[in-house]
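In what follows, a structure is listed as structure tokens, so that the remarks can point back to it.
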Amino acid sequence: MSKPFIRTYVELSDFCGLKCSFCPAPKGRRGEMGVEFFERVCTQISPFTQNITFHLLGDPLYLSNLPQYLSIAEKYNLPVEIVTSGLYIHRFAPSLLLSPPIRQISISLSALEEVREEVRERVIERCLELIEAHQNLHSQTFINLRMHENRLNPTLAKRLCERFGVRDELEQKGRVRLAYRVFLLLTKSFEWVRAEQEGRSGEVSKKCYGLLSQVGILANGVVVPCCIDCDGGIALGDLHTQSLDQILSSPRAIAIKRGFERGVAVEEQCKRCTYRAVEM
């Protein structure tokens, strides 16, 4: 039987060490998932998902015991994608970050725009060192350096392209190949939707990946439809007390899925969302 989800977003913690203006706050409400519970999560999601992505809020590299989480993911044959600011990338050996189960590392360069220049430069150099190690090891892990469209740093983009001897076509094409399996990407900008915002009346036509090809699990075990529901506004259930199969079979989850299958957002929060959705 094929697995229904391309990826499951798993929030190891909601700590990241930064206070970016574009990111929801406050952080640290849910704390750390914990390795024992993470293994329980893996037993639940492994039949459902092709990959797991350590992301919702928080930076997985913030956790010093990250190798334990990676070992558990590998035990359950779950390829891992990591989303990070790069701030803590120096804590771990390149051999760990550039080997299975990690299949992709996405580094948000936009998160560095609001830190001190000396900190930003230090992180960028560490990222370049990781890429150098990647090339020397002939690693099969993908590295994506990402900038938001509305936070594009043309100077940094040009500098990175010149460093790797490639043409800067980021604004024109949205993607530049810097080296083998290393890319500079321009990602679409969006506004975070908060659970407490007012809803939109009437039916809203919309397509989304929520519960069709992705699902999210917050650090406290609450299951949400997608990667953008950082507040748990659409709490479908809790893996502490329910199985994932039970949660996905609930009337609310089924209604969301069936709605998106026919191009309709049924939840008020989904009606307002602008992330990876197409108004019809």
Practice task
Grab the two heavy atoms, one from Gly210 and one from Cys226, that are nearest each other, plus how far apart they are.
Solution key: CA-CB, 4.2 Å
Handout entry: Aromatic centroids of Phe38 and Phe54 separated by under 6.0 Å
Key = yes
Problem - Glu169 with Arg175: basic N within carboxylate O range, under 4.0 Å - result: no
Exercise for the section: Give the C-alpha distance, both sets of side-chain angles, the deciding distance and a yes or no for side-chain contact (heavy atoms from CB on, under 4.5 Å) between Arg29 and Asp231. Expected result: CA-CA 10 Å; Arg29 292 172 289 173; Asp231 291 323; 3.1 Å; yes
Exercise for the section: Using modelled atom types only, decide if a donor and an acceptor are shared between the side chain of Arg91 and the backbone of Tyr62 within a distance under 3.5 Å. Expected result: yes
Problem - Glu132 side chain vs Leu128 backbone, donor-acceptor pair below 3.5 Å - result: no
Problem - Test of ring centre spacing under 6.0 Å for Phe37 and His240 - result: yes
Exercise for the section: Answer yes or no: is there a donor N or O on one side and an acceptor on the other, between the side chain of Lys257 and the main chain of Leu248, under 3.5 Å? Expected result: no
Handout entry: Distance-only polar pair, side chains of Glu32 and Ser13, donor-acceptor under 3.5 Å
Key = no
Practice task
Say whether, by atom type as modelled, one donor and one acceptor occur between the side chain of Asp168 and the main chain of Cys161 under 3.5 angstrom.
Solution key: no
Practice task
Inspect the surroundings of CD in Gln172 and state if more than 12 heavy atoms from other residues, nucleotides or ligands are less than 6.0 Å away.
Solution key: yes
Practice task
Could you tell me whether a side-chain N or O of Ser71 sits under 3.5 Å from a main-chain N or O of Pro67, the two making a donor and an acceptor?
Solution key: no
Problem - Rounded distance (nearest 0.5 Å) linking atom CG of Leu218 with atom CG of Leu239 - result: 10.0 Å
Exercise for the section: Please answer whether the main-chain N or O of Val83 pairs with a side-chain N or O of Ser106 as donor and acceptor at a distance below 3.5 Å. Expected result: no
Problem - N/O donor-acceptor pair under 3.5 Å between Gln44 side chain and Leu244 backbone - result: yes
Handout entry: Option among Ile45, Thr53, Val80 that satisfies the side chain to side chain contact (heavy atoms under 4.5 Å, CB included) test with Val10
Key = Ile45
Practice task
Check whether any side-chain heavy atom of Gln214 sits under 4.5 Å from a side-chain heavy atom of Cys227, and report yes or no.
Solution key: yes
Exercise for the section: Could you tell me whether a side-chain N or O of Tyr69 sits under 3.5 Å from a main-chain N or O of Pro60, the two making a donor and an acceptor? Expected result: no
Practice task
Say whether Val176 and Phe164 are linked into one hydrophobic cluster, either directly or through other cluster members, by side-chain heavy-atom distances under 4.5 angstrom.
Solution key: yes
Problem - Derivation of the side-chain contact (heavy atoms from CB on, under 4.5 Å) call for Leu236 and Val224 - result: CA-CA 6 Å; Leu236 300 175; Val224 293; 5.9 Å; no
Exercise for the section: Kindly determine whether Thr141 and Ser99 satisfy side-chain contact (heavy atoms from CB on, under 4.5 Å), including the steps that lead there. Expected result: CA-CA 7 Å; Thr141 300; Ser99 303; 5.9 Å; no
Handout entry: Note, Gln68 side chain near Leu63 side chain (heavy atom, < 4.5 Å)
Key = no
Practice task
Measure the spacing between NE2 of His134 and CD of Gln140 and express it to the nearest 0.5 Å.
Solution key: 7.5 Å
Exercise for the section: Determine whether Val115 and Tyr88 fall in the same hydrophobic cluster, where Ile, Leu, Val, Met, Phe, Trp and Tyr are linked whenever their side-chain heavy atoms lie under 4.5 Å apart. Expected result: yes
Exercise for the section: Would you mind reporting whether Asn144 and Gln104 have side-chain heavy atoms less than 4.5 Å apart? Expected result: yes
Practice task
Would you confirm whether Asp59, through its side chain, and Thr84, through its main-chain N or O, come within 3.5 Å as a donor-acceptor pair?
Solution key: no
Exercise for the section: Inspect the surroundings of CD in Glu36 and state if more than 12 heavy atoms from other residues, nucleotides or ligands are less than 6.0 Å away. Expected result: no
Practice task
Calculate, to the nearest 0.5 Å, the distance between atoms CG and NZ belonging to Asn51 and Lys3 respectively.
Solution key: 9.0 Å
Practice task
Taking all non-hydrogen atoms of both residues into account, name the closest pair between Glu39 and Tyr76 and its distance.
Solution key: OE2-OH, 3.0 Å
Problem - Heavy-atom side-chain proximity of Thr8 to Ile217 below 4.5 angstrom - result: yes
Handout entry: Euclidean distance, Leu145 CG relative to Leu185 CG, rounded to 0.5 Å
Key = 8.0 Å
Handout entry: Other residues, nucleotides, ligands: >12 heavy atoms within 6.0 Å of Arg163 CZ
Key = no
Exercise for the section: Please name the pair of heavy atoms, one in Met147 and one in Ser110, separated by the smallest distance, quoted to 0.1 Å. Expected result: CA-OG, 3.4 Å
Handout entry: Joint hydrophobic cluster, Phe48 plus Val215, side-chain heavy atoms closer than 4.5 Å
Key = yes
Handout entry: Hydrophobic cluster membership, Val182 vs Phe142, 4.5 Å side-chain cutoff
Key = no
Exercise for the section: State plainly whether one hydrophobic cluster holds both Ile6 and Leu78, where clusters connect Ile, Leu, Val, Met, Phe, Trp and Tyr through side-chain heavy atoms under 4.5 angstrom apart. Expected result: no
Practice task
Using atom types as modelled and distance alone, determine if a side-chain donor or acceptor of Ser108 lies under 3.5 Å from a backbone N or O of Arg146.
Solution key: no
Practice task
Answer yes or no: is there a side-chain heavy-atom contact under 4.5 Å between Arg7 and Gln50?
Solution key: no
Fill in the blank from the handout: Leu96 and Ile102 have their tightest heavy-atom pair at O-CD1, 3.8 Å
Exercise for the section: Give the intermediate values and the outcome of salt bridge (Lys or Arg N to Asp or Glu O under 4.0 Å) for residues Glu125 and Arg159. Expected result: CA-CA 12 Å; Glu125 285 304 315; Arg159 170 184 164 190; 3.2 Å; yes
Practice task
Please tell me if the side chains of Glu11 and Arg30 come closer than 4.5 Å, counting only heavy atoms from C-beta onward.
Solution key: yes
Completion exercise
Heavy-atom closest pair (Asp229 atom, Gly233 atom, distance to 0.1 Å) is OD1-N, 2.8 Å
Practice task
Starting at NZ of Lys207, measure out to CZ of Phe260 and round the result to the nearest 0.5 Å.
Solution key: 12.0 Å
Exercise for the section: Start with the C-alpha distance between Val119 and Arg122, add both sets of side-chain angles, then the distance that settles side-chain contact (heavy atoms from CB on, under 4.5 Å), and finish with yes or no. Expected result: CA-CA 5 Å; Val119 174; Arg122 186 162 60 244; 3.7 Å; yes
Exercise for the section: Determine the minimum heavy-atom distance between Leu170 and Leu186, stating which atoms define it. Expected result: CD1-N, 3.7 Å
Problem - Result of checking Gln269, Glu268, Glu267 against Lys271 for side-chain hydrogen bond (donor to acceptor under 3.5 Å, both in side chains) - result: Glu268
Problem - Salt-bridge present (Arg151, Glu114; N to O < 4.0 Å) - result: yes
Exercise for the section: Starting at CD1 of Ile89, measure out to CG of Leu61 and round the result to the nearest 0.5 Å. Expected result: 6.0 Å
